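Values in this document were obtained by computation on a predicted structure and should not be read as measured data.
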Amino acid sequence: MKTKLFMAAALLLAGSQSACAQHATHAVAHRGYWKCEGSAENSLTALQKAYEAGCWGSELDIWLTGDGKLVVNHDPHTLDGLEIEKTDFDKVTRSKLKNGETVPSLEAYLDAGKKLAPMILVLELKTQSTPERNAELARKVVDMVKAKDMEAQVEYIAFSNQVGTELIRLAPEAQVAYLNGDKTPAELKELGYTGLDYAHKVLKKNIHWIDEAHKLGLTVNVWTVNKAEDLQYFIDHKADYITTNEPVLLLEMLKK
């Protein structure tokens, strides 16, 4: 009898631990951890700092240059005013970031990130100026990830449904989440996405989407959450991932 009771208790504990693990919240550094000395958004230093802080993942933004190459930058223009989609790679990658580094190529970013496994790289593919360039961007990013054997270390996000569904087609085993906030979890599931990645204001208005997404087997990320009360709100509502400019604060809160 004691043996049976012990086994039952063990199974109950295992189930409880499994449920907790299922709803663990993970920290994603938004454009890397850049709010610290010597860092800058989307810099290689920000990537390294995110790893050193203990983040589950680090998000980055990808553009296609005028000559069809891949660079990491958030805005469509560099700090010195170059329009990335209309400027050659060599010129873009000579542009300076706020910390004095130059705009990194995606290849350099992936090479640096590969050394930081198991930290996940969350690749945001920025919406390009034409459908043709959107398709080209998706193809070239997926090809580069595959060539570097990093499929298990990256996840994809996009505002453009065209980009998102192209990623799903090109990399059917990949984790692909949608950013734009205008589709229900059921619609995303039907399209083949593995998760939603919505602005915190969108999810607060539709907080039931978190439970709906989980019931459909989708993951939930929320961006960009920086205030302690908002971070706690989404921890309490069991978001899987929180993308933040304050990863150290979030990590401290997750330890409590």
Expected list for residues 113-131: side-chain donor-acceptor pairs under 3.5 angstrom, two or more places apart:
| unit_1 | atom_1 | unit_2 | atom_2 | d |
| --- | --- | --- | --- | --- |
| Lys114 | NZ | Lys148 | O | 2.6 |
| Glu124 | OE2 | Lys126 | NZ | 3.0 |
| Gln128 | OE1 | Leu64 | N | 3.4 |
| Gln128 | NE2 | Lys126 | O | 2.7 |
| Ser129 | OG | Glu85 | OE1 | 2.9 |
| Thr130 | OG1 | Arg133 | N | 3.0 |

Taken to the nearest 0.5 Å, the spacing of Leu82 CG from Thr87 OG1 works out to 4.5 Å
Is any side-chain heavy atom of Lys183 less than 4.5 Å from a side-chain heavy atom of Leu191?
yes
Quick one: ring-ring contact (aromatic ring centres under 6.0 Å, His included) pairs with a partner in residues 142-190, sequence neighbours left out?
Phe159-Trp223, Tyr178-Tyr193
Residue pair Gln48 / Glu52, side-chain donor-acceptor N/O under 3.5 Å
yes
Decide whether Ile157 and Leu170 are clustered together by the hydrophobic rule: side chain heavy atoms of Ile, Leu, Val, Met, Phe, Trp, Tyr closer than 4.5 Å, transitively.
no
Across all chains, not counting sequence neighbours, the side-chain contact (heavy atoms from CB on, under 4.5 Å) partners of Ala108 are Ser105
Side-chain contact, heavy-atom cut-off 4.5 Å: Lys204 with Asp230?
yes
Would you mind reporting whether Thr102 and Ser95 have side-chain heavy atoms less than 4.5 Å apart?
no
Give every residue pair that meets the ring-ring contact (aromatic ring centres under 6.0 Å, His included) criterion with at least one member in residues 68-95, sequence neighbours excluded.
none
Quick check: closest heavy atoms across Gly66 and Asp88, and the distance to 0.1 Å?
C-OD1, 4.5 Å
Check the hydrophobic clustering (I, L, V, M, F, W, Y; side-chain heavy atoms under 4.5 Å; chains of links allowed) and say if Leu167 and Leu110 are grouped together.
yes
Are Val176 and Leu106 co-members of a hydrophobic cluster defined by side-chain heavy atoms under 4.5 Å apart?
yes
Could you list the donor-acceptor pairs under 3.5 angstrom formed by side chains in residues 248-256, with sequence neighbours left out?
none

How about Thr243 and Val222: do any of their side-chain heavy atoms sit closer than 4.5 Å?
no
Mind checking what makes side-chain hydrogen bond (donor to acceptor under 3.5 Å, both in side chains) contact with Trp34, not counting sequence neighbours?
Asn245
In this structure, CG of Asp61 is separated from CD1 of Ile84 (nearest 0.5 Å) by 9.5 Å
Give a yes or no on whether Lys227 atom NZ has more than 12 heavy-atom contacts from other residues, nucleotides or ligands under 6.0 Å away.
no
Is a salt bridge present between Lys238 and Asp211, judged by a nitrogen-to-oxygen distance below 4.0 Å?
no
Rounded to the nearest 0.5 Å, how far does NZ of Lys189 lie from CG of Leu196?
12.0 Å
Verify side-chain hydrogen bond (donor to acceptor under 3.5 Å, both in side chains) between Thr244 and Asn226, making sure each step is shown before the conclusion.
CA-CA 6 Å; Thr244 179; Asn226 298 319; 3.3 Å; yes
Output yes when a side-chain donor or acceptor of Thr25 lies under 3.5 Å from a complementary backbone atom of Ala239, and no otherwise.
yes
Charged N-O contact under 4.0 Å between Lys146 and Glu151
no
Backbone of Leu60 reached by a side-chain donor or acceptor of Asn42 within 3.5 Å:
no
Contact list for residues 229-256, test ring-ring contact (aromatic ring centres under 6.0 Å, His included), sequence neighbours left out:
His26-Tyr241, Trp56-Tyr241, Tyr233-His237
Quick check against the 3.5 Å criterion: does Asn73 have a side-chain atom that pairs as donor or acceptor with the backbone of Asp75?
yes
Partner set under side-chain hydrogen bond (donor to acceptor under 3.5 Å, both in side chains) for Asn99, not counting sequence neighbours:
Glu101
From CD (Glu107) to CG (Asp111), nearest 0.5 Å
5.5 Å
Would you mind listing every ring-ring contact (aromatic ring centres under 6.0 Å, His included) that reaches into residues 103-148, with sequence neighbours excluded?
none
State which residues pass side-chain hydrogen bond (donor to acceptor under 3.5 Å, both in side chains) with Gln175; sequence neighbours excluded, sorted by chain then number.
Thr194
Under the side-chain hydrogen bond (donor to acceptor under 3.5 Å, both in side chains) test, which residues partner Asp67, sequence neighbours left out?
Thr65
Out of Glu246, His30, Glu41, which residue meets the side chain to side chain donor-acceptor pair (under 3.5 Å) rule with Lys35?
Glu246
Inspect the surroundings of CD in Glu229 and state if more than 12 heavy atoms from other residues, nucleotides or ligands are less than 6.0 Å away.
yes
Sorted by chain and number, sequence neighbours left out, salt bridge (Lys or Arg N to Asp or Glu O under 4.0 Å) with Arg94 holds for none
Any link between Val72 and Met150 through a network of hydrophobic side chains (Ile, Leu, Val, Met, Phe, Trp, Tyr) touching at under 4.5 Å?
yes
Has the side chain of Lys49 got a donor or acceptor atom that lies under 3.5 Å from a matching backbone atom of Ser39?
no
